[in-house]
Participant: 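Quick one: structure below, then a few questions.
Everything numeric here is computed off the predicted structure, so don't read it as measured data. A note on names: the letters A, B, ... follow the listed sequences, proteins ahead of strands, and every chain is numbered from 1.
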Amino acid sequence: MGIRGHRFYFKQELPKVDEIKKKFHEITGLRLRFYSVAHVDELMTDADDILYHLNKRREETSDVVINAPHFACGDFEDVYLDDYMRPETRSFYLKCGIGMESLYFFDALIKTMLEIGGHTFRYSYYPHEEDLDIDNYLEPYNPHERQWKRIKKWDEMCDVEKACFKDPYN
Amino acid sequence: MSKNNITDRLKNFLFEILLKEEGEIQAEAWTHLKMLDLDCDDLSRVINEIPFVKTPYVDEGWELFKTKNPTKQDVIDIVKCSTKRREAETFLLEHFELENEDLVEVIKVTENDELAWQLLRRNPANEELEAIMRYTNLKDEAAEELLKRSPDNDELYEIIENSSLKLEAWERLLQQGPTNEDLERIVKFTDLEDLAWDYFLQQHPTNEELMDFVNDYSETGRKRKEAAQLLLERELGMEELVNLIREDQFADEAWERLKKKSPACDDLFYLIWRRTVKTDEAAEWCLKLNPDKKTLWNILEYSDKKDEAALQLIQMPLELYELADLVLKSGSEPVLNVLSERVQFDRSKVNEAELIRKIAEKILNHPELLNVNHWHAGDTHCLGGWAITLHEQAQETEKQFGSEIAASLLLPHYTHLFFADRETVLSELKEIME
């Protein structure tokens, strides 16, 4: 079983959890929850805290996935936050299993991050020293494109529109 | 929590500020940090370059680092990752006895010929001689020494790649018997390209070995055409012919030969999906073979044979959301008829030309009413959203079957504008009104 993922980069700083929740609600009409081993209110300042707790838990158990910080929403399967230290602690990775029945939650969460200033980041490791222009690795966000425009408030979508989010790999 | 943990966390907190902030706050963080009994590891964080970030306290950090009795490895780490490379190298030579392996570590970063001389005088191991060849100007000296020691094929390759004693190494390699893999890398990466290629051919390379040149993962482009030409002189399987087409090497000839093998849709799936030079031909071929749903979606998505694929798809049982996808990619009449029948929408009462002009007039007079990012947002709508808003029956269809289906039935010739940017939509509407 593989994973599906999306890497983000924020030019200023990582968003606050409350800001993410607010935008997610605006887009989907649904309530977003964030779980982490450490109590946090902001993705950026929590980085050290979470890593500290995560490493501690890793020593205690090999079940890393369960301990990873994650987003949850209604009956949808959880979306995990990962690898959010690099580069310069302004990047992170959202991931979900490819066995998900509906990609609505995952896609809506991605749209949320893009709406609040995140960029799709195509690089997954440190660029070389001579290749430091991060703008070269950021993709533009075009909200008029079908993949984003079809994400409406969950309760305002008919069954046909909801079915469009069926995972093609499933 | 122990005191150490608190101190470590405090240090981490201050490092965060040091790396992210500027000016006074950063200076204050540095002042506080210095009060925390920093060890060499801590100071390495200040001195070493972190991608995208460099603190202005490298000089001060380095001076402090020297007073903390750093170990040899601490200093080597600074040599490897810091702008203080030269200073650290000097410090290292003045304060420590260096083993051969230390010298190699340093040479790999500093490419220092003087250290390479030191290493050469110490009867270095073969791999240490390889490091000297790769990283310093003492290539020939190291190569000469290596040639005295019965080098293996890998070591001879290093001599060929890095020194001027390449011909001597080449002769030795021939005596030892090079593998095709040895020859492949000599062709791809050294000056002896032609010599090695001739010898490679004499060793009867397999199709797979020739295909490595065609695939050209090293992106040198060397002998790519020649290898493809040679492959075409042989009996090739379908996968190999598909690969030649994918790599756009003699694609016409490869395609003709592929057709003679009567490929099935699965054999051609990849050719279509990768949008190769033969995508449309492969799609056309598949369409004649009673393709399955998966193949037809592949053709619809990636080839120019959308209408033909759509015609076959509508003969199959499709979910409504699949029909929505289909009508957006091919608004052909039969697709529209199937869709309108499924959702019980009478298209005969829709005058598409009249409707688009009505929308164009409205939007061009009040461009603020166009919102391409949402189907509907208060009083603003996208093009498809406006079509639905102006058509009562379509509003019912939208409620039941969604915006995409409703709008596609009203404006089947303008579905490409449903997800276009604002400028494109406005520009096409202007054209309609002219």
Participant: Taking atom NZ of Lys293(B) as the centre, report whether more than 12 heavy atoms of other residues, nucleotides or ligands fall under 6.0 Å from it.
Facilitator: yes

Participant: Using 0.5 Å steps for rounding, measure from the CZ atom of Arg146(A) to the CZ atom of Phe418(B).
Facilitator: 11.0 Å

Participant: Should we count CD of Glu368(B) as having more than 12 external heavy atoms under 6.0 Å?
Facilitator: yes

Participant: Can you name the residues of residues 154-163 of chain A that have some heavy atom under 4.5 Å away from a heavy atom in chain B?
Facilitator: Cys158(A), Val160(A), Glu161(A), Ala163(A)

Participant: Counting only heavy atoms not in Glu139(A) (residues, nucleotides, ligands), do more than 12 fall under 6.0 Å from its CD?
Facilitator: yes

Participant: Take atom NZ in Lys329(B); do more than 12 heavy atoms of anything else shown fall under 6.0 Å from it?
Facilitator: yes

Participant: Determine whether more than 12 heavy atoms belonging to other residues, nucleotides or ligands lie under 6.0 Å from atom CD1 of Ile25(B).
Facilitator: no

Participant: Take a 6.0 Å sphere around CZ of Arg342(B) and say whether it holds more than 12 heavy atoms from other residues, nucleotides or ligands.
Facilitator: yes

Participant: For Trp273(B), look at atom CH2 and say whether over 12 heavy atoms of other residues, nucleotides or ligands are found less than 6.0 Å away.
Facilitator: no

Participant: Tell me which of these, Leu328(B), Asp325(B), Ile405(B), has more heavy-atom pairs under 4.5 Å with chain A than the rest.
Facilitator: Asp325(B)

Participant: Can you check whether Lys149(A) reaches Ser403(B) side chain to side chain, under 4.5 Å on heavy atoms?
Facilitator: no

Participant: Taking NZ, NE, NH1 and NH2 as the nitrogens, is one of them in Lys166(A) or Glu319(B) under 4.0 Å from a carboxylate oxygen of the other?
Facilitator: no

Participant: Should His144(A) and Arg422(B) count as side-chain neighbours, where that means a heavy-atom distance under 4.5 Å?
Facilitator: no

Participant: Would you say that more than 12 heavy atoms from the other residues, nucleotides or ligands in this model lie under 6.0 Å from the NZ of Lys430(B), or not?
Facilitator: no

